[in-house]
Amino acid sequence: MNKFACKDLGIDCDFVATAETKEETLKKAMAHGGTVHKDIMKGQSEAQMAVFDQKLRDSIQPV
Ligand SMILES: [Zn+2]
């Protein structure tokens with residue numbers, strides 16, 4: 001199992017995603033971010049999004 005938590009990115013949110021694979025976890029995290037945190041995502045440039053995407057991937061941990 002892999003786990004992502006918004007708190008790991010310093011976001012004040014209790015959302016946690018778990019899935020069998022890292023890709024699946026990332027997908028759930030992106031779906032959550034795209035709806036609940038769309039205000040954060042919206043103001044980002046493409047370069048900032050790339051950094052954010054990398055951080056997100058790095059924060060997904062096996063559990
Ligand atoms: Zn969240």
Side-chain angles (χ1 to χ4, degrees):
M1 285 280 276
N2 287 269
K3 176 174 163 263
F4 163 81
C6 274
K7 280 199 166 67
D8 292 344
L9 287 181
I11 300 170
D12 186 21
C13 171
D14 287 326
F15 175 78
V16 175
T18 54
E20 282 306 316
T21 65
K22 200 162 181 165
E23 280 306 311
E24 199 63 31
T25 311
L26 183 68
K27 233 185 266 176
K28 286 189 185 182
M30 291 302 276
H32 166 78
T35 53
V36 179
H37 301 303
K38 62 171 181 277
D39 290 349
I40 300 175
M41 316 277 269
K42 207 165 50 187
Q44 306 282 319
S45 70
E46 216 164 289
Q48 284 174 314
M49 274 311 290
V51 172
F52 182 77
D53 187 71
Q54 191 57 53
K55 263 196 213 169
L56 205 161
R57 285 171 186 275
D58 291 346
S59 72
I60 296 174
Q61 298 295 331
V63 285

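Counting begins at 1 with the first residue of the sequence. The structure displayed is predicted, hence computed values, not measured ones. When a ligand or atom number is given, it counts from 1 through the structure's own listing order.
Within 6.0 Å of NZ in Lys27 there are 12 or fewer heavy atoms belonging to other residues, nucleotides or ligands.
Salt bridge status for Asp58 with Lys55: absent, with no side-chain N to carboxylate O gap under 4.0 Å.
A donor-acceptor contact shorter than 3.5 Å is absent between the side chain of Lys3 and the backbone of Val16.
Using cut-offs of 30° and 60° on the angle between ring planes, the pair His32 and His37 is perpendicular.
Following chains of ILVMFWY side-chain contacts shorter than 4.5 Å, one cannot reach Leu26 starting from Met1, and the two form parts of different hydrophobic clusters.
For Lys22, the side-chain contact (heavy atoms from CB on, under 4.5 Å) partners at least two apart in sequence or on another chain are Asn2, Ile60.
Within the protein, the N, O or S atoms lying under 2.8 Å from the Zn ion (ligand 1) are Cys6 SG, Cys13 SG, His32 NE2, His37 NE2.
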